[in-house]
Every structure is written in C-alpha cells, then in structure tokens.
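Below is one structure; the comments refer to it alone.
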Amino acid sequence: MPAARAAGLSVCGFPRTERLLRRGQYLRVQNGGRRVHTAHFVILVLPRGVQGDAQGPATARIGVTVGKRVGNAVRRNRVKRVVREVYRTSKTLFPTDCDVVLVARLGADRLDYGAVKAEVERARDAIFEARTKALARDPRPPQSSL
RNA sequence: CGGAGCGGACCAGGUGAUCGUCGGCUUCUUUAACUGUCCCGAGCUUCGGUUCGGGGGAAGAAAGAGCGGGAGGAAAGUCCGAGCUCCAAAGGACAGAAUGCCGGUUAAUGGCCGGUGGGGGCGACCCCGAGGAAAGUGCCACAGAGAAUGAACCGCCUUGGCCAAUCACAUACCCACCGAGCAGCCUUCGGCUCUCGGCGGACUACGGGGUUGCACAAGGUAAGGGUGAAAAGGCGAGGUAAGAGCUCACCGGGUCGGCGGUAACGUCGAUCGCUAGGCAAACCCCAUUCGGAGCAAGACGAAAUAGGGAGGCGUUCGAGGGCGGUCCGCCCGAGCCUCCGGGUAGCGUCGCUCGAGGCGUGCGGUAACGCGCGUCCUAGAUGAAUGAUCACCACCCGCAUCCCGGCAACGGGUGCGGGAACAGGACUCGGCUUACGGUCCCUCCGACCU
RNA sequence: GCGGGAGUAACUCAGUGGUAGAGUGCAACCUUGCCAAGGUUGACGUCGAGAGUUCGAAUCUCUUCUCCCGCU
C-alpha cells in the first residue's frame with residue numbers, strides 16, 4: 001500500500017530530488033548537453049552517468065532558466081511555474097535518466113499552460129533523439145569532471 | 001449636470017473541488033543503511049584514551065500522516081535616514097561631501113507638520129535648494145554709445161565759429177498821394193520845379209536783434225530714442241538753458257528706534273550723499289552635520305592541508321599591517337614582499353525575524369507626533385516557495401437583436417465572446433520618488449431648475 | 001543585495017553655460033575605357049526622457065528610463 005501511494009504521488013509530484021539545485025549542475029548541463037530549439041525555449045538534455053551513482057533518482061531532473069530579457073520578476077516567476085506544472089503533470093515527455101534545462105526565450109512570458117504543454121509535446125521526439133545521440137557519442141558522460 | 005482642487009480615506013476580486021510548492025508544529029506511523037549517546041565483550045596503550053564486534057534505546061535524520069500558516073501599496077528604484085555587524089577604541093587636524101527662511105516633530109533625516117516671505121490660479125488650492133554679491137576671484141556671448149573703479153551714439157540745451165536763409169524794427173535814398181511855403185518859372189484859372197511836414201508803398205545797403213540751418217568746436221545733460229534678458233530706484237509735480245533725488249508727494253530701498261511675535265518676520269515712526277546691476281543649482285565665504293564599510297556585514301562548523309625553492313627588507317635603532325583620502329596620534333607586531341612550481345575549497349548552520357511591530361481605544365497637541373490601556377503574532381526562501389485546471393458568483397466592454405417598457409434615442413433582462421491594472425519578499429525599519437486599476441468622502445468654479 | 005560608470009549624426013567619439021562638431025560611412029557630381037584611390041558638394045541630430053536654476057542648458061540641479069562594469 002505505501003509503495004503504491006508513493007508511486008502514485010511520484011507521478012504528479014515535484015519533489016526536490018527532481019530538480020537541479022546548484023549552479024554547478026546547471027553549468028554541466030549547459031556545457032555538455034545537446035540542444036533542442038523550439039519557438040520559445042531552448043531545451044538542453046544531458047544523460048546522467050549510468051555507472052555507479054546509486055542514490056540518483058530514477059526520474060529526470062529539471063531546471064528552468066529565465067533570463068532578465070524575458071520580463072520583470074513577476075513574468076519570470078510565472079514562466080517557471082508554468083514549465084514546472086507541465087513537467088509535473090506529464091512526466092513521460094522527459095527521459096528518466098537525464099538532466100534537462102529549459103531556457104526561456106523572448107516572448108515565453110505570454111504563453112499559458114496549454115501553449116507550453118503543446119510546445120513541449122511537439123518537441124518530445126527531438127528530446128529523446130538528443131538523448132540517444134548523446135549516449136552513442138560518449139557512453140561515459142563527463143561525470144568525473146566534477 | 002459638467003469641469004476642477006492630482007485634496008483626503010479605503011480596496012487590491014471572492015467561494016468551492018482536484019493536483020502541486022515552501023517552511024513550522026504535533027511526535028501519530030514507518031525505517032534502522034547514516035550521525036551521536038549508553039551498556040557488554042575483545043585488542044592496543046605513554047593508563048589520558050582508542051579500535052573492532054554485539055545489544056539497548058528512539059535524540060537527531062529520512063519518508064509518510066494530521067494541524068494550522070505563506071508577498072505589496074508600492075514588495076520596485078536604491079534617492080535619503082537609522083537599527084544591527086565588523087574594522088583595537090571611534091581620537092584630533094586638513095581635505096572631501098551633504099544640508100541651507102524660522103520653529104517644532106522624531107531613534108534619525110535632505111522626510112513630515114505648522115508658520116514667515118515670494119510666485120501661480122476667479123477659486124478650492126498648489127509650487128519654491130528661500131543664508132551671504134560694500135571678504136575676494138570670475139562670468140554677463142550677440143546686439144548696443146555704454147554690461148560695471150559707471151557710459152554721451154542719436155537727441156535736448158548753452159557758448160563760440162562760419163556763413164547762409166528768413167523775420168520784424170529804425171534811419172537815409174526812391175515813388176505815389178495830401179498839406180504848407182516870405183522861393184523860382186510860365187499868359188489866367190492853374191500848372192511845373194524846389195524846400196519842409198504827414199501817411200502809405202517798394203527796394204537795396206549797412207547796423208544791431210530774433211529765428212532756423214551746419215559731416216564745425218567747447219561744454220552741460222541722463223528726461224526721450226534705439227540695443228539687450230538686464231542700462232544705474234519707479235511714477236507724477238515743481239524746478240531748470242536743457243536736465244537731474246536738485247526739491248516735494250506716493251511707492252520701493254537702506255539705517256535706527258518703538259510695538260507684536262520663541263523666531264523667520266510683520267507693523268508704526270524717525271532718518272537718509274538712495275551711492276555701489278545680475279549670476280553663488282560659478283568658485284567661494286559663513287553656519288550646521290558627517291570615521292569607513294556593508295547581511296556577499298559578520299560568527300561558528302565541515303572538508304582539505306604543505307609546505308618547498310630563489311631573491312630582497314627586517315626583529316625593539318622595528319619590516320609590515322590595522323587604516324579603503326592624507327597627516328598626527330594610537331594599537332598589533334616577527335615576520336613580510338616579489339617570482340617559480342603545486343594543493344584544497346567555493347559547502348552547511350547561525351545571523352533570520354517580536355519589531356522605533358500591527359489593530360482598536362482614551363488623553364495631550366492646530367498638526368506632524370507623543371503618552372497610557374487593551375488585544376494580536378502575521379513569510380523566512382537561497383536556481384529561490386502562493387501556482388495550474390475546472391465550476392459558480394460579483395465588476396467592466398463588445399456583439400446578438402431573443403424578451404419586456406417606450407413613438408424614438410435608450411433602459412432592463414437573457415445568451416455568447418473578451419477583459420480584469422502596476423507588479424513578487426531576499427537583514428529589518430522610517431521616509432521620498434516612480435509605475436498603476438477602482439470605490440467613496442470633502443471642497444471650489446460654472447450652467448440649469450426650484 | 002551592495003558599489004561604480006555611460007547615454008551627442010547610421011557607427012566611433014570631441015564638445016564643461018552663448019549659432020552642435022570631427023573622422024568613418026551615405027548620396028550626387030568630377031576624374032577613369034571600367035573599378036578602386038583621389039577631389040568637390042550635400043543630406044544627416046526630440047544631445048535618452050521630464051521638470052527646475054538661468055536672459056540663455058548637450059553642459060548646472062533634481063527625478064526618471066536604458067545599458068555596461070565590479071564585489072562572494
């Protein structure tokens with residue numbers, strides 16, 4: 001029973017383990033990840049190390065970057081919230097063994113929840129293709145660099 | 001009803017459902033791999049301890065459950081002022097910066113309140129960095145005669161010069177007329193000539209006088225013109241050759257005194273060579289204030305550690321540093337600086353939310369504000385929390401013309417669609433400024449009706 | 001969060017109270033058989049915005065907007 005509950009919650013929750021929390025994590029993804037471009041986002045995908053790292057969760061880790069160009073603080077926060085909501089409600093759009101950073105581009109503040117979800121859904125195939133390409137190119141991602 | 005005083009006060013959509021987020025509490029479940037603690041056994045020991053194994057217990061921790069919280073009037077800009085922290089203490093001088101009518105308020109301010117003065121508006125009301133220009137230095141372009149130890153271009157006036165023009169007057173000459181004559185001539189009436197007097201006219205000459213003119217000279221003048229943003233108190237009268245504070249009245253200004261006011265200042269009176277422009281948001285002077293940095297302040301901890309080589313300076317005669325404007329003074333002080341080649345970390349906890357706090361109320365004060373009483377606890381994140389979806393209600397706009405009222409404009413209902421501002425805590429407060437949706441109240445002006 | 005700096009022609013910059021300038025670029029013409037270079041001429045500005053001081057503001061003062069840099 002607790003297992004089932006935990007599983008059900010993990011489908012729709014957004015705990016801390018599924019986020020990027022340090023600047024170093026962001027920098028690693030931004031330097032080593034593959035890019036997928038959409039109209040209002042740049043999505044960076046970096047597979048986590050398959051070796052070792054037993055305590056790593058079996059889900060994706062998401063980070064959102066919204067620069068000052070996008071708008072004032074209210075609009076930037078809004079973009080972050082909407083993107084997180086999209087991840088939370090439809091986690092199957094993201095590969096479970098990768099770190100993903102979504103960088104908002106100009107105009108992202110005008111999107112609502114439905115528009116962002118549609119945009120990510122259209123980019124789903126490209127995201128998974130980026131993952132397989134990254135794995136094929138370098139089977140041992142630069143985990144040891146940090 | 002319309003416009004205004006950008007006068008004051010208030011709100012910042014609500015309710016429910018599902019999922020999600022942040023930290024707090026409960027100690028209700030679960031876990032026993034992690035940390036710490038207690039007990040037992042064994043090993044080592046410098047007898048202080050320490051390592052390994054087993055167990056208890058449930059403190060921390062992790063996951064779950066429950067409970068109750070979670071952005072603003074500007075949270076913003078960072079323009080001021082403080083608290084707090086560190087720099088040994090926060091000392092002196094200079095430099096530098098800020099402020100600048102007066103009084104009050106406050107922890108403090110450049111804020112706020114009240115007053116004074118000035119400006120704007122018919123008014124309600126609004127705006128003002130508003131000390132000093134005979135301490136000194138500087139600037140005032142162009143134009144204009146002159147722009148600051150006061151100036152003469154035109155004009156006005158006086159005197160002189162040169163002539164010229166003109167006017168009036170008087171005298172002489174001339175002409176005409178009238179009268180007189182003891183003068184002369186002609187044939188009478190009478191006429192002519194001459195002389196004298198009167199009146200009128202014309203013209204020239206000289207004389208003096210007036211007026212006007214002059215690329216003239218010497219002076220007087222600051223009324224007027226013109227230039228300019230600004231021209232040496234304003235305006236009127238007297239006065240004068242023309243003028244002028246030269247004199248006078250009024251206004252303005254300076255000084256002195258009385259009165260009112262805590263004061264800024266106001267008011268009254270006397271007095272005056274009214275003679276000295278403006279700019280200090282130009283330098284500056286005067287008065288007052290200011291030590292510097294800022295929660296990335298700072299404290300504790302974890303992890304890691306290492307120190308070496310070369311050269312220079314120095315050990316109480318003191319290198320270097322605190323000290324981040326300079327100097328003095330004070331303090332620390334045996335290491336410090338440069339180069340070469342290396343290592344580690346860019347993490348955690350505290351600071352971190354109870355405070356010059358909010359709300360209500362009474363009293364004092366014109367007010368800002370202060371004092372008392374009661375009551376409430378109301379975010380503490382750190383790639384950074386308040387969201388998403390749906391439904392209903394309330395507000396605004398548009399469309400439909402389906403229904404009702406009305407001749408109509410239109411109003412009400414119904415349905416559909418859209419909108420709902422500015423904007424997100426980052427140590428905390430007090431202000432200021434800027435952005436912005438709406439509601440209400442007060443006041444003023446205008447129009448209409450009674 | 002804190003501290004500092006900048007904004008002038010299309011671009012890079014001068015201009016520190018008195019008519020807004022230089023270089024490059026742009027346009028036209030000359031030169032050349034053509035191009036480049038060269039020469040002549042010309043256009044080009046809300047001095048980031050709004051108030052204030054002043055007779056007069058790109059310049060001085062205040063407010064505001066945008067951009068840049070530094071500090072762990």
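Residue numbers begin at 1 in each chain, while the letters A, B, ... track the order of the sequences. From a predicted model like this one, the values you see are computed outputs, not experimental measurements.
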query: Which nucleotide, in any strand shown, forms a Watson-Crick or G-U wobble pair with B:rA42, with both distances under 3.5 Å?
result: B:rU51
statement: The single option from A:Asn77, A:Val79, A:Asn72 that satisfies side chain to side chain contact (heavy atoms under 4.5 Å, CB included) with A:Asp109 is A:Val79
field: Pairing partner (Watson-Crick or G-U wobble, both distances under 3.5 angstrom) of C:rA49
entry: C:rU63
- line: If pairing means Watson-Crick or G-U wobble with both distances under 3.5 Å, then the partner of B:rU401 is none
- request: For B:rC283 versus B:rC142, give the span between their P atoms, rounded off to a whole number of Å.
  value: 25 Å
- prompt: Taking the P atom of each, how far is B:rA302 from B:rA384, in whole Å?
  reply: 29 Å
field: Expected output: side-chain A:Asp125 to main-chain A:Phe128 donor-acceptor under 3.5 Å
entry: no
- prompt: Taking the side chain of A:Val74 as its heavy atoms from C-beta onward, which of B:rA388, B:rG424, B:rG387 lies nearest to it?
  reply: B:rG424
task: Report the glycosidic orientation of B:rG49: syn if within 90° of 0, anti in every other case.
output: anti
query: Quick one: is B:rA385 close enough that its OP1 or OP2 comes under 4.0 Å of any side-chain N or O from A:Arg84?
result: yes
query: Could you state the CG-P distance from A:Asp99 to B:rG383, rounded to the nearest angstrom?
result: 16 Å
- request: Pick the C1' atom in B:rC332 and in B:rA319, then give their distance to the nearest Å.
  value: 14 Å
field: Protein-nucleotide distance (A:Glu85, atom CD; B:rA385, atom C1'), rounded to Å
entry: 14 Å
message: Taking side chain to side chain contact (heavy atoms under 4.5 Å, CB included) as the criterion, tell me which of A:Ile62, A:Thr65, A:Val66 meets it with A:Leu102.
response: A:Ile62
- request: Could you tell me whether A:Asn72 contacts a base, only the sugar-phosphate backbone, or nothing, with contacts defined as non-hydrogen atoms closer than 4.0 Å?
  value: sugar-phosphate
- prompt: When you compare B:rG5 with B:rU361, how far apart are their C1' atoms, in angstrom units rounded to a whole number?
  reply: 34 Å
- request: Could you let me know what C:rC11 is paired to, Watson-Crick or G-U wobble, both distances under 3.5 Å, or none if it's on its own?
  value: C:rG23
- request: Hunt down the Watson-Crick or G-U wobble partner of B:rU116, both distances under 3.5 Å, from any strand shown, or write none.
  value: B:rA130
field: Base paired to C:rC29 (Watson-Crick or G-U; both N/O distances under 3.5 angstrom)
entry: C:rG39
Between B:rG387 (C1') and A:Tyr113 (OH): distance, integer Å: 12 Å
query: Using atom C1' of each nucleotide, how far apart are B:rU204 and B:rC162 to the nearest Å?
result: 25 Å
task: Quote, to the nearest angstrom, the C1' distance that separates B:rU99 from B:rG69.
output: 47 Å
query: So, are A:Arg124 and A:Glu121 salt-bridged, with charged N and O less than 4.0 Å apart?
result: no
query: If the P atom of B:rG115 is compared with that of B:rG132, how far apart are they to the nearest Å?
result: 24 Å
- prompt: A:Arg81 has a side chain; which of B:rA388, B:rG425, B:rA71 sits nearest to it?
  reply: B:rA71
task: Indicate yes or no: does A:Lys91 engage A:Glu18 in a salt bridge with an N to O separation below 4.0 Å.
output: yes
message: Just the rounded figure in Å: distance from P of B:rU21 to CD1 of A:Ile62.
response: 15 Å
- prompt: Where the side chain of A:Arg88 is concerned, which of B:rG424, B:rA388, B:rG20 is the nearest nucleotide?
  reply: B:rG20
Any donor-acceptor N/O pair, A:Arg131 side chain to A:Phe94 backbone, under 3.5 Å: no
field: Nearest-angstrom distance from the residue atom CZ of A:Arg76 to P of B:rA385
entry: 11 Å
- line: Rounded to whole Å, NZ of A:Lys117 lies from C1' of B:rC19 at a distance of 13 Å
- prompt: For the side chain of A:Thr132 and the backbone of A:Glu129, is there at least one donor-acceptor N/O pair under 3.5 Å apart?
  reply: yes
- request: Identify whether the glycosidic angle of B:rA71 places it syn (within 90° of 0) or anti.
  value: syn
- prompt: What does A:Arg75 touch in the nucleic acid at a heavy-atom separation under 4.0 angstrom: a base, only the sugar-phosphate, or nothing?
  reply: nothing
Mate of B:rA263 where both pairing distances stay under 3.5 Å, Watson-Crick or G-U: none
- prompt: Where each residue is assigned the nucleotide of RNA chain B containing its nearest heavy atom, which of A:Val66 and A:Arg78 is assigned the position nearer the 5′ end?
  reply: A:Val66
- prompt: If the P atom of B:rC347 is compared with that of B:rG383, how far apart are they to the nearest Å?
  reply: 10 Å
task: Answer syn or anti for B:rG320, where the cut-off is 90° from 0 on the glycosidic torsion.
output: anti
task: May I ask which nucleotide in the shown strands pairs with B:rG341, Watson-Crick or G-U wobble, both distances under 3.5 Å?
output: none
- request: Would you classify A:Arg19 as touching base, sugar-phosphate or nothing, given that sugar-phosphate means primed atoms plus P, OP1 and OP2, and contacts are heavy atoms under 4.0 Å?
  value: sugar-phosphate
task: For B:rG374, measure the glycosidic angle (O4'-C1'-N9-C4 for a purine, O4'-C1'-N1-C2 for a pyrimidine) and name it syn if it falls within 90° of 0, otherwise anti.
output: anti
- prompt: Can you tell me how far P of B:rU386 sits from CG of A:Asn77, to the nearest Å?
  reply: 8 Å
query: Would you call A:Arg81-A:Glu85 a salt bridge at under 4.0 Å N-O?
result: no
- line: Separation of B:rU21 atom C1' from A:Glu18 atom CD, nearest Å, is 13 Å
query: Which part of the nucleic acid, if any, lies within contact of A:Val82, taking any heavy atom under 4.0 Å across all strands shown: a base, the sugar-phosphate backbone alone, or nothing?
result: nothing
- prompt: So, is B:rU378 syn or anti if syn means the angle is within 90° of 0?
  reply: syn
